[in-house]
Every structure is written in C-alpha cells, then in structure tokens.
Amino acid sequence: MEPIKAEEGEIFDIELEEDLLRKNEELARRNRKILDEYKIVAIDIMGSIGTGKTSLIKNLISHLKGKYEIGVIAGDLTTTIDADRIEKEGIKVIQVNTGKECHLDANLIKKALKKFDLGALDLLFIENVGNLICPADFPLGSHCRMVVVSVTEGPWMVRKHPYIFSQADVVVINKIDLAEAMKVSPEKLADDVYKINPAVKVIPANCIAGKGMKEIIQALSF
Ligand code: MG
Ligand code: ZN
C-alpha cells in the first residue's frame with residue numbers, strides 16, 4: 001500500500017515552526033552555557049508514559065546521591081506524581097507542568113534553572129514529558145539525551161520512532177524481566193536502535209530491581 005506522505009513545506013505553519021525551533025536552539029545553547037559555567041552535567045531523559053523514566057531516575061539517585069549533589073526537573077502535562085515520587089529521595093525537584101504541550105522546551109528549562117542553587121549542583125536529571133515524538137525536536141541544552149523504551153511497549157517502538165533514537169546518546173531497554181511474557185526480544189530492539197544510530201550505547205535494564213544501573217552510570221561516564 002502506498003501511504004500518503006507529508007511533504008516538506010506542505011504544512012501551512014512551517015515557517016512559524018522553523019522560527020520556533022531556531023529560537024529553541026538558541027535558548028538551549030544559552031542553557032548549556034549556564035550549566036557549563038556551574039560545571040553541572042544535565043541529562044535529558046525521554047520515553048513514553050509508563051516506560052520507567054521516573055523509576056530510572058529514582059534508582060540512579062540512590063546510586064549517586066552520596067557522591068553528587070543532584071537536582072531533578074520533572075516535566076508533566078498537569079500532575080506532580082513523578083516529582084512527588086522523586087522528592088521522597090530527599091532531592092530538590094522542580095515540577096514543570098506544560099499544560100497541553102507534549103514536550104519540554106529550552107525556555108521552560110531556563111525558567112526551571114532559576115529555581116535551583118546552581119552553585120551547589122553537580123548533576124541534573126530532566127524527565128521529559130512522556131512521548132517519543134516532539135521532544136526530539138526540542139534540545140534543552142543537556143549534555144546527554146537518553147531514551148528509555150520498555151519491552152512492554154511491544155516490538156515496534158524503535159522502528160516507529162526513528163528520529164528520537166537517531167538523536168539519542170544512550171538508550172535504555174527497560175523491563176527486560178518481562179521480555180518473555182511480552183514475547184518481545186530486547187536484543188531485537190537493540191538491533192533496531194543500532195541500525196538507526198550505530199554510535200549509541202544501548203543498555204538492557206530493569207529499573208525497578210536496579211539491573212543495568214552500573215552500566216547506565218558508566219555510559220553517562222561518571
Ligand atoms: Mg515518569
Ligand atoms: Zn510536543
């Protein structure tokens with residue numbers, strides 16, 4: 001079957017969108033400059049709702065909190081569920097509610113950074129809004145972009161979202177303990193990632209049990 005394809009320039013507000021993306025990139029560069037000035041490493045964590053981003057952050061915090069001062073920016077449409085979960089770890093969390101927007105952008109991060117004592121921070125985890133499409137278009141100024149995908153999302157998540165995987169530095173394949181029950185092969189998902197992005201680091205994990213955490217920390221080169 002021949003699918004209908006959106007051609008470039010066909011969408012009526014394409015100029016508006018290009019302008020928006022350019023402005024976002026400029027703000028992302030400014031965020032990076034601020035982070036670098038304060039020697040803060042920032043990691044942007046992307047993935048669908050329910051894939052395990054918050055569990056991953058919680059587990060990374062439990063491994064790293066003696067060694068580094070950690071902050072978290074939690075993006076969500078309307079709730080504070082994730083921020084509340086992370087705050088229980090004794091970590092400073094800034095909640096960003098995006099309302100209808102399905103991604104964080106560099107301007108929201110700029111505003112959130114003002115809420116931290118940046119001089120006291122070493123490490124910043126940014127939990128992006130749960131989806132695998134537009135966060136890829138909106139760099140935030142982070143040093144690393146990590147995508148979390150879990151076997152419970154089925155076998156095609158990587159192949160259906162090539163753009164976000166092409167933007168990733170690290171990919172976590174989560175919930176590998178459920179792979180057999182889901183009849184989804186983590187190795188196959190990893191192959192799909194490597195086909196899109198041969199330079200990326202892919203790490204199988206179980207973020208609730210803590211499996212793969214050492215490898216993830218290594219991949220982030222702490
Ligand atoms: Mg979450
Ligand atoms: Zn969006």
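Both counts, for ligands and for their atoms, begin at 1 and track the order of listing.
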Chemist: Are Glu26 and Arg29 close enough for a salt bridge, meaning some N to O gap below 4.0 Å?
Modeler: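 Yes, Glu26 and Arg29 are salt-bridged.
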
Chemist: Answer yes or no: is there a side-chain heavy-atom contact under 4.5 Å between Ile216 and Leu60?
Modeler: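 Result yes, sub-4.5 Å side-chain heavy-atom pair found.
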
Chemist: Kindly indicate, with the supporting measurements, whether the criterion side-chain contact (heavy atoms from CB on, under 4.5 Å) is fulfilled by Leu123 and Lys67.
Modeler: CA-CA 10 Å; Leu123 194 56; Lys67 226 171 144 190; over 6 Å; no

Chemist: Run through the protein N/O/S atoms less than 2.8 Å from the Mg ion (ligand 1) and write them out by chain and number.
Modeler: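 Under 2.8 Å from the Mg ion (ligand 1) - ignoring waters, which are not counted - the protein N, O or S atoms are Thr54 OG1, Asp82 OD2, Glu127 OE2.
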
Chemist: Any side-chain donor-acceptor pair under 3.5 Å between Ser48 and Glu153?
Modeler: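 Yes, Glu153 and Ser48 have a side-chain donor paired with an acceptor closer than 3.5 Å.
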
Chemist: In the hydrophobic clustering that connects Ile, Leu, Val, Met, Phe, Trp and Tyr at side-chain heavy-atom distances below 4.5 Å, which members other than Ile49 occupy its cluster, ordered by chain and number?
Modeler: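 ILVMFWY cluster around Ile49 holds nothing else.
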
Chemist: List for me each residue that meets salt bridge (charged side-chain N to carboxylate O under 4.0 Å, His left out) alongside Lys115, sequence neighbours excluded, and say none if there are none.
Modeler: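 Checked Lys115 against salt bridge (charged side-chain N to carboxylate O under 4.0 Å, His left out); zero matches.
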
Chemist: Could you please tell me which protein N, O or S atoms lie under 2.8 Å from the Zn ion (ligand 2)?
Modeler: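 Near the Zn ion (ligand 2), the protein supplies Cys102 SG, His103 ND1, Cys134 SG.
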
Chemist: With heavy-atom distances below 4.5 Å as the criterion, would you say the side chains of Glu127 and Ile73 are in contact?
Modeler: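 Result no, sub-4.5 Å side-chain heavy-atom pair not found.
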
Chemist: Is the closest basic N to carboxylate O distance between Lys188 and Asp192 below 4.0 Å?
Modeler: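 A salt bridge is present here (some side-chain N lies under 4.0 Å from a carboxylate O).
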
Chemist: Could you check whether Asp169 pairs with Arg145 (Lys NZ or Arg NE/NH1/NH2 to Asp/Glu carboxylate O, under 4.0 Å)?
Modeler: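 Salt bridge: no.
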
